[in-house]
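Chain letters run A, B, ... following the sequence lines, proteins first, then strands; residues in each count from 1.
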Amino acid sequence: MNKNYLDELNDVQREAVITTEGPVMIVAGAGSGKTRVLTYRIAHLIQQGADPFNILALTFTNKAAREMKERIGRIVSKSEARNLWMGTFHSVFARILRAEAERLGYPPNFTIYDTDDSKSVIKTILKEQGLDEKIYKPGLVLGRISAAKNNLISAQAYIQNGQITEEDRMSGKPKIGLIYDLYHKRCFRAGAMDFDDLLFNTNILLRDYPDVLNKYQDKFRYIMVDEYQDTNFSQYVIVKQLAAKFQNICVVGDDAQSIYAFRGANIQNILNFERDYPEMKTFKLEQNYRSTKNIVQAANVIIKNNRDQLEKNVWTSNDEGDKIILMKAHSDNEEGQIVARSIFDTKMHHHAHNKDFAILYRTNAQSRAMEEALRKLNIPYRIYGGLSFYQRKEVKDLLAYYRLTLNHHDEEAFRRIINYPARGIGDTTIDRITIAARDNDVSLWTVCENIAEFALPVNSGTVNKIQDFVTMIKSFAVMVPGQNAYDVGNHIASASGLLRELYTDKTPEGVSRYENVQELLNGLKEFSDSENTPPIELIENDPELQRLEAEKKSEVLEETTGIEAPLRTLDQFMQDIALLTDADSKQTEEDLNKVSMMTIHAAKGLEFPYVFIVGLEENLFPSPLSLNSRADLEEERRLFYVALTRAEKRATISYASTRYKWGTLTSCEPSRFIEEIDLKYIDYGNSAARGEADTFGEPSFGIRKPAATVKQPTSTPPKKLVKASTANAAPTPIDNSHLRNLQVGQTVKHERFGTGQVLQLEGNFPNTKATVHFDQGGQKQLLLKFAKLEIVS
DNA sequence: GTGTAATGCTATTGG
DNA sequence: AGCATTACAC
């Protein structure tokens with residue numbers, strides 16, 4: 001057990017860690033040890049006696065949550081850490097919604113629609129309404145709906161909002177409000193929520209059900225939000241509601257790294273925070289531990305070009321380091337070659353490993369040139385993002401069978417597989433089912449299940465085929481509760497005919513599709529066989545129930561010796577499949593030593609010794625779509641800032657003077673961002689690509705700007721931490737009055753640490769801090785306010 | 001209703 | 001250049 005974690009922190013970090021009560025905002029510059037602070041803060045809370053069940057930490061990816069849990073587990077204990085509520089907003093609140101779904105009229109096993117599903121729903125609506133897909137582009141319509149939901153504007157409110165409808169009318173799309181309304185009804189009928197609904201409906205739940213709000217307020221006594229600059233209004237309100245009672249809310253963020261405004265993130269949330277909690281304390285983490293001076297200072301110079309930002313002075317005591325290398329190529333393919341070549345050389349000369357390198361780009365489409373070049377030099381790589389495994393067609397097909405099995409009303413799953421593999425139910429039939437469903441306001445499934453009553457104008461052969469399909473899905477459904485996920489999933493894959501369909505395709509693509517489906521089945525197998533600690537966070541919400549649950553299971557186990565632990569079923573597997581992203585997938589052994597390739601967005605929070613930022617060209621980075629507004633351009637600049645600050649030792653930026661776009665060759669200008677870097681931080685020499693000298697060298701454009709007049713950050717220690725004056729009144733969480741007369745030397749019992757002797761008492765009740773030596777687990781400092789202690793003698 | 005060939009459209013960024 | 005939708009022959 002690591003007790004000296006506080007020694008591993010600098011002064012500000014330590015203050016941020018031990019200030020556990022009341023509202024706290026941590027402004028964390030790039031590479032300033034933010035994750036460490038968050039990790040230790042949670043560990044510290046637990047050491048102080050807070051119950052992990054009462055701690056909620058919202059992270060940006062599930063992977064980040066998993067890694068943080070592991071680190072916390074190493075400081076406290078694994079079993080303690082497991083009880084923490086940690087994950088993305090979407091996954092945490094999806095869980096809560098499953099527990100509370102029925103209040104909102106959704107089934108507990110509601111489907112989560114991904115973007116493709118959502119677009120498909122919109123297409124269906126457009127078709128029904130006779131609207132032109134070219135005017136109402138599904139992606140744009142969905143974006144509009146999404147923005148509304150993220151601002152907590154319901155379909156009704158949308159239609160009634162004069163300003164919004166005016167906007168839509170002006171842009172020639174007056175029907176968006178109607179589409180939103182139909183879209184929402186359609187999803188509801190299908191028992192489905194899209195990504196935004198997970199947050200929107202959580203808000204409804206907390207707004208309309210005071211008992212629910214109360215329950216989760218009590219449960220989440222301590223709330224932490226990472227990457228706060230990237231939360232949207234809907235998320236902001238959820239957090240505000242949950243924290244209203246205890247006000248132990250800690251947000252961590254960096255306005256300079258806000259790169260998700262396009263999906264509704266709002267820097268305003270940081271300002272709102274100050275307004276909502278005037279008592280808050282602010283800590284600024286300004287020392288960068290990650291990067292060299294050159295990188296830190298160049299990044300600072302760039303971000304200074306933004307008008308909107310909080311004042312911050314990021315500095316480092318690290319070495320000067322290499323300058324930023326600028327490489328120029330004649331084409332996108334050549335850019336790939338020089339990057340690959342540079343990686344190759346660096347590996348040779350600096351004994352670097354593949355995993356030390358990352359190639360970052362603005363758009364996913366840029367990965368191909370890089371891939372080809374790396375392949376030619378036999379450099380292994382892994383692409384993050386892009387099409388994730390779960391988005392592949394064949395995988396989605398099989399998942400659609402699972403989804404329909406678990407939620408018969410899931411319309412998108414239904415449409416996907418009703419005639420795949422082909423079973424003679426064609427488009428006309430499906431159209432007729434759709435019309436009947438719409439006219440009666442029921443799901444497609446309900447029509448099919450009662451096909452006779454709806455008297456569809458189809459022939460009897462078709463009716464039989466539909467009935468066969470219904471029967472098949474129902475037969476799958478009955479298997480689910482009694483068998484493990486793999487057995488059911490495997491049966492479905494064969495019985496549906498999907499496996500056979502794929503197996504007969506012997507083209508390379510077909511073989512690969514078959515393998516992907518096998519891979520999914522392997523995943524099911526692994527899930528089914530994995531240790532059955534039921535995902536604790538899935539069970540009910542308080543420790544009491546939790547323990548009862550555990551007892552119940554062990555009793556059953558005792559009675560039926562030899563029988564395996566409780567089943568891991570298909571519905572459990574499917575719970576948050578839709579929320580997994582590529583970044584969340586566990587790294588395999590193989591992945592461990594590969595060059596990483598991803599978009600800059602996906603690189604957020606990561607760090608690499610050697611970073612390549614490619615495609616620094618006008619109309620690519622910054623994106624042409626960002627050039628109309630200052631706000632958008634500043635977001636692009638922050639994106640560049642994020643990219644640069646991923647690098648520990650060396651950053652290399654590159655651009656090409658020609659590039660294929662839309663299949664045609666276009667010529668490119670170097671990005672304005674290159675000019676914004678002070679000349680003194682850039683190395684044009686391009687030593688890494690020696691041997692192709694004429695390709696590189698002085699860039700052909702005029703960055704002849706004199707050194708900017710920006711004052712250089714110096715390597716002085718941080719000034720002083722900013723602190724609010726008044727300490728917050730501590731909340732009075734539990735009744736511990738029986739501990740009022742606790743004496744040194746008495747024996748106490750703690751729920752998790754067992755029995756121990758009181759060694760020391762400091763402070764006046766109820767703010768007494770007790771030092772207790774536990775028989776198991778050693779010495780702990782506990783606050784009587786929180787610790788659930790019983791006096792034994 | 002099914003399968004293949006031609007056409008046309010699209011591409012930030014992502015949970 | 002790639003993909004999805006459409007057009008057309010079976």
Side-chain angles (χ1 to χ4, degrees), chain A residues 58-65 87-94 112-120 123 127 133-134 137-140 142-143 146 149-150 193-199 227 230-232 234-235 258-265 332 360-369 384-388 390-391 393 418-431 458-459 461-462 465 509 576-584 598-604 615 619-627 632 635-636 638-640 642-643 659-666:
Chain A
L58 297 163
T59 56
F60 196 69
T61 63
N62 288 308
K63 187 183 171 202
T88 61
F89 272 89
H90 290 88
S91 64
V92 165
F93 295 111
I112 298 171
Y113 275 175
D114 67 17
T115 308
D116 287 340
D117 295 320
S118 298
K119 280 187 194 158
S120 161
K123 281 183 196 167
K127 214 176 282 171
E133 258 193 43
K134 291 184 186 87
K137 291 189 181 158
L140 293 181
L142 184 63
S146 168
K149 284 185 185 166
N150 287 330
M193 298 191 198
D194 67 16
F195 289 134
D196 304 311
D197 285 332
L198 295 174
L199 306 175
E227 309 285 8
D230 287 325
T231 54
N232 60 40
S234 182
Q235 292 167 321
S258 161
I259 53 174
Y260 280 94
F262 75 90
R263 93 181 178 204
D332 45 0
L360 309 181
Y361 34 76
R362 178 69 241 266
T363 64
N364 282 304
Q366 290 167 258
S367 69
R368 191 167 348 118
Y384 293 80
L387 261 212
S388 93
Y390 295 104
Q391 288 172 324
K393 185 178 162 303
I418 175 73
N419 198 34
Y420 180 80
R423 48 176 71 87
I425 305 174
D427 292 345
T428 23
T429 307
I430 295 169
D431 283 347
V458 293
N459 63 41
T462 308
K465 287 170 189 163
E509 299 81 34
D576 39 24
I577 280 287
L579 299 173
L580 291 180
T581 64
D582 216 26
D584 294 327
M598 64 191 90
T599 63
I600 301 167
H601 283 91
K604 170 162 143 149
N619 290 316
L620 181 59
F621 191 15
S623 155
L625 289 91
S626 73
L627 300 180
D632 287 348
E635 176 147 317
E636 295 285 309
R638 291 193 294 269
L639 199 52
F640 186 41
V642 168
R659 179 178 297 277
Y660 278 93
K661 283 179 190 168
W662 297 280
T664 49
L665 192 65
T666 54

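- Considering only the side chain of A:Ala422, B:dT2 comes nearest among B:dT12, B:dG15, B:dT2.
- Note on A:Asn364: a side-chain N or O is less than 4.0 Å away from OP1 or OP2 of B:dG14.
- Ranking B:dG15, C:dG2, B:dT13 by closeness to the A:Thr363 side chain, first place goes to B:dT13.
- Atom CZ of A:Phe89 is separated from atom C1' of B:dG14 by 16 Å (rounded to the nearest Å).
- Ion pairing of A:Glu133 with A:Lys127 is absent here, as no side-chain N (NZ or NE/NH1/NH2) approaches a carboxylate O to less than 4.0 Å.
- The separation between A:Gln366 atom CD and B:dT12 atom P is 13 Å, rounded to whole Å.
- Regarding A:Phe621, its CZ atom lies at a distance of 21 Å from the P atom of B:dA11, rounded to whole Å.
- If you take OH of A:Tyr361 and P of B:dA11, they are 18 Å apart, rounded to a whole angstrom.
- Across B:dG3, B:dG14, C:dG2, the shortest atom-to-atom separation from the side chain of A:Arg263 is found for B:dG14.
- Comment: A:Arg368 does not engage A:Asp332 in a salt bridge, judged by the lack of any side-chain N to carboxylate O separation of less than 4.0 angstrom.
- Separating the CD atom of A:Gln391 from the P atom of C:dA4 is a distance of 12 Å, rounded to the nearest angstrom.
- Look at OH on A:Tyr390: it is 14 Å from P on B:dG15, rounded to the nearest Å.
- In this structure, A:Tyr260 does not count as stacked on the base of B:dT13 under the 5.5 Å centre distance and 30° plane angle limits.
- Annotation: B:dT13 and C:dA4 have their C1' atoms spaced 22 Å apart (nearest Å).
- Nearest nucleotide to the A:His601 side chain, out of B:dG14, B:dG15, B:dA11: B:dG14.
- Put simply, A:Lys123 has a side-chain N or O that comes within less than 4.0 Å of OP1 or OP2 on C:dT5.
- Listed pair A:Asn419 / B:dT2 meets the phosphate criterion, a side-chain N or O lying under 4.0 Å from OP1 or OP2.
- Here C:dT6 presents its C1' atom at 11 Å from NZ of A:Lys127, a figure rounded to the nearest Å.
- Contact annotation: A:Thr599 reaches the phosphate of B:dG14 (side-chain N/O to OP1 or OP2, under 4.0 Å).
- Note: OH (A:Tyr660) to C1' (C:dA1) measures 10 Å, nearest angstrom.
- The A:Trp662 side chain lies nearest to B:dA11 when the options are B:dA11, B:dG1, B:dG14.
- Annotation for A:Glu635 and A:Ala261: closest pair OE1-CB, 2.8 Å, computed over non-hydrogen atoms.
- Residue-to-nucleotide proximity on DNA chain B shows that, of A:Lys137 and A:Ile259, the 5′-proximal contact is made by A:Lys137.
- For the residue pair A:Thr462 / A:Asn459, a side-chain donor-acceptor distance below 3.5 Å is found, with atom types taken as modelled.
- There is no side-chain donor-acceptor pair under 3.5 Å between A:Thr115 and A:Ser118.
- For the pair A:Thr429 and B:dG1, the criterion of a side-chain N or O lying under 4.0 Å from OP1 or OP2 is met.
- Ring orientation note: the planes of A:Tyr260 and A:Phe60 are tilted relative to one another, at an angle of 30° to 60°.
- Sequence order on DNA chain B of the closest nucleotides to A:Lys134 and A:Leu199 puts A:Lys134 first from the 5' end.
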